[in-house]
Amino acid sequence: MKFGIWLDFRNPAGWRRPWTDVYEETLSLATDAERLGFESVWLSEHHLTDDGYLPSLFPALAAIAARTSRVRLGTAMVLAGLTHPLRLAEDAAVTDLLSGGRLELGIAPGYREKEFEALGFDRARRGARTEETVEILRRAWTGEPFSYAGKHFALDDVTVTPVPQSPPPVWIGGGSEAAARRAGRHGLRFLPDLGTPPEILDLYRRTLAEHGHDPAAFGVTVIVTPGVYVCEDAEEGWQEIREHYWYLLNKFQEWFGNPGLPSVDDLPRELFLVGPPDVVAEGIRDRIKPLGDVERVIFFGRAPGLPADRARRSLELFSEHVLPQFA
């Protein structure tokens, strides 16, 4: 089993710090991830948030690439519904070259209405745009001239240069039937949240087989949401992290148009993996067991606003005591 950390560079108002400090601390955590034996570092994209959720993944990945030499560098996710596929092909190729071929490209249609409205994209067409993006990426990375005529993109005799060292692994994100079918139909890897029902993973594997792909050749990466925090004492750790997880959960509820939890005391503690290493390891085993063959698990390396030294201590404990249990 491989493990990666997920970073978002957020700087919430309640814990607001100079942006340069937040960025330097987050880049340092990414460097620590390689030192501590994590296999990958993943970044995710959102736009026009009040906490600075990372809006531009590829410059940040390039900065991490310059500080590391081994760790894989992934996007979880680039929002294909908000991106022109040619620009995405170019940005991915440059990042792959700068990192020595370490890029893993996760893409998803996106979901947050405000982003589509503000950036001028039709949210209803995000799935179809993602489908066409997959086809265009494959043609673009050959380095040969090509044309494409789809419902959303029309390209006439275009050539993308440079191209990646080799086409990066492409992951389709999401926990829906549509996402599972999209990944399976195109013969791509699948990256759902850990709470995704096992039936969705079964659908993905069936769809792979139906379209002539060997399911055994396609790994699944899952995201442990909402969070993992390793500490010596479960109760002390919960007191350290709970305000940050309350913020995290309420922010996602806000984006989906749902009411948030009125108090931190209403936070459903069972959703989170917080405690000593053996407790966290057992929790991960219990959660991935229904999903079948899982290649990689990733989780938030730093909850929004959490001091960097606490995030680093959690990663150190995970590295020392949890990683060996899955070696």
Side-chain angles (χ1 to χ4, degrees), residues 4-16 22 26 29 42-57 60 74-82 106-119 121 123 126-127 130 171-180 190-197 200 221-229 238 240-274 283-284 287 297-306 311 314:
I5 69 167
W6 182 19
L7 300 168
D8 57 19
F9 290 75
R10 290 164 110 165
N11 192 9
W15 300 282
R16 183 61 50 89
V22 172
T26 308
L29 287 173
W42 298 73
L43 309 183
S44 51
E45 171 188 4
H46 278 293
H47 298 274
L48 307 170
T49 67
D50 56 7
D51 58 12
Y53 200 122
L54 185 63
S56 188
L57 304 191
T75 62
M77 298 287 171
V78 167
L79 303 181
L82 297 171
I107 64 174
Y111 61 86
R112 188 167 168 254
E113 291 187 8
K114 182 177 181 179
E115 294 170 330
F116 287 89
E117 293 171 357
L119 297 175
F121 291 92
R123 186 175 180 273
R126 67 194 190 278
T130 302
W171 298 80
I172 296 294
S176 66
E177 291 186 3
F190 190 34
L191 206 166
D193 290 341
L194 191 49
T196 301
I200 298 295
T221 287
V222 293
I223 304 173
V224 180
T225 52
V228 172
Y229 187 63
W238 181 248
E240 292 172 357
I241 197 73
R242 67 181 198 145
E243 294 276 353
H244 304 276
Y245 282 161
W246 182 43
Y247 173 88
L248 178 71
L249 204 60
N250 274 357
K251 186 58 67 173
F252 281 129
Q253 292 300 319
E254 175 188 319
W255 289 356
F256 281 106
N258 300 326
L261 300 172
S263 166
V264 68
D265 294 326
D266 298 316
L267 197 63
R269 187 166 173 173
E270 68 277 4
L271 286 181
F272 305 89
L273 291 177
V274 177
I284 291 172
R287 296 187 185 198
V297 172
I298 64 178
F299 61 90
F300 269 126
R302 182 186 192 182
L306 183 70
S314 171

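We count residues from 1, following the sequence as given.
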Undergrad: Can you tell me how far apart CH2 (W6) and CG (D8) are? Round to the nearest 0.5 Å.
TA: 7.5 Å

Undergrad: Testing the basics here: between A108 and G173, what is the closest heavy-atom pair and its distance to 0.1 Å?
TA: CB-O, 4.0 Å

Undergrad: For the residue pair S44 and A76, what are the closest heavy atoms and their distance?
TA: CB-O, 2.9 Å

Undergrad: Between the main-chain N or O of Y111 and the side-chain N or O of R123, is there a donor-acceptor pair closer than 3.5 Å?
TA: yes

Undergrad: Run through V224, T225, I223 and flag the one making a side chain to side chain contact (heavy atoms under 4.5 Å, CB included) with F299.
TA: V224

Undergrad: Sequence neighbours left out, what passes side-chain hydrogen bond (donor to acceptor under 3.5 Å, both in side chains) with S314? Give chain and number order.
TA: none

Undergrad: Give me the atom names and distance for the closest heavy-atom approach of P12 to D51.
TA: CA-CB, 3.9 Å

Undergrad: Using the side chain to side chain contact (heavy atoms under 4.5 Å, CB included) criterion, which residues pair with E115? Sequence neighbours excluded.
TA: H46, H47, L79, L82, R112

Undergrad: On a heavy-atom basis, which atom in G175 and which in P192 lie closest, and how many Å separate them?
TA: CA-CB, 4.4 Å

Undergrad: Looking only at heavy atoms, what is the nearest atom pair of P259 and Q253, with distance?
TA: O-CB, 4.0 Å

Undergrad: Quick check for you: to the nearest 0.5 Å, what is the distance between L267 atom CG and E243 atom CD?
TA: 9.5 Å

Undergrad: Is it the case that the side chain of W246 and the backbone of L261 share a donor-acceptor pair, with hydrogens and angles ignored and the cut-off at 3.5 Å?
TA: yes

Undergrad: Going by heavy atoms in the side chains, are T26 and R302 under 4.5 Å from each other?
TA: yes

Undergrad: Enter the distance from W42:CH2 to T75:OG1 here, rounded to the nearest 0.5 Å.
TA: 7.0 Å

Undergrad: Find the distance between NE2 (H244) and CG (L249) and round it off to the nearest 0.5 Å.
TA: 14.5 Å

Undergrad: Quick check: do V78 and L57 have side-chain heavy atoms less than 4.5 Å from each other?
TA: yes

Undergrad: May I ask you to check if R10 and F252 form a cation-pi contact, with NZ or CZ under 6.0 angstrom from the six-membered ring centre and within 45° of the axis?
TA: yes

Undergrad: If the plane angle is over 60° it's perpendicular, under 30° parallel, otherwise tilted; pick one for F272 and Y245.
TA: parallel

Undergrad: Mind checking the CD1-OG1 spacing from I172 to T130? Nearest 0.5 Å is all I need.
TA: 7.0 Å

Undergrad: Is any side-chain heavy atom of I200 closer than 4.5 Å to a side-chain heavy atom of S176?
TA: no

Undergrad: So Y53 and K251, do their side chains get closer than 4.5 Å, heavy atoms only?
TA: no

Undergrad: Are P226 and F300 side-chain neighbours, meaning at least one heavy-atom pair lies under 4.5 Å?
TA: no

Undergrad: Determine the minimum heavy-atom distance between I5 and G301, stating which atoms define it.
TA: CB-CA, 4.2 Å

Undergrad: Out of curiosity, I298 CD1 to L191 CG, how far, rounded to the nearest 0.5 Å?
TA: 5.0 Å

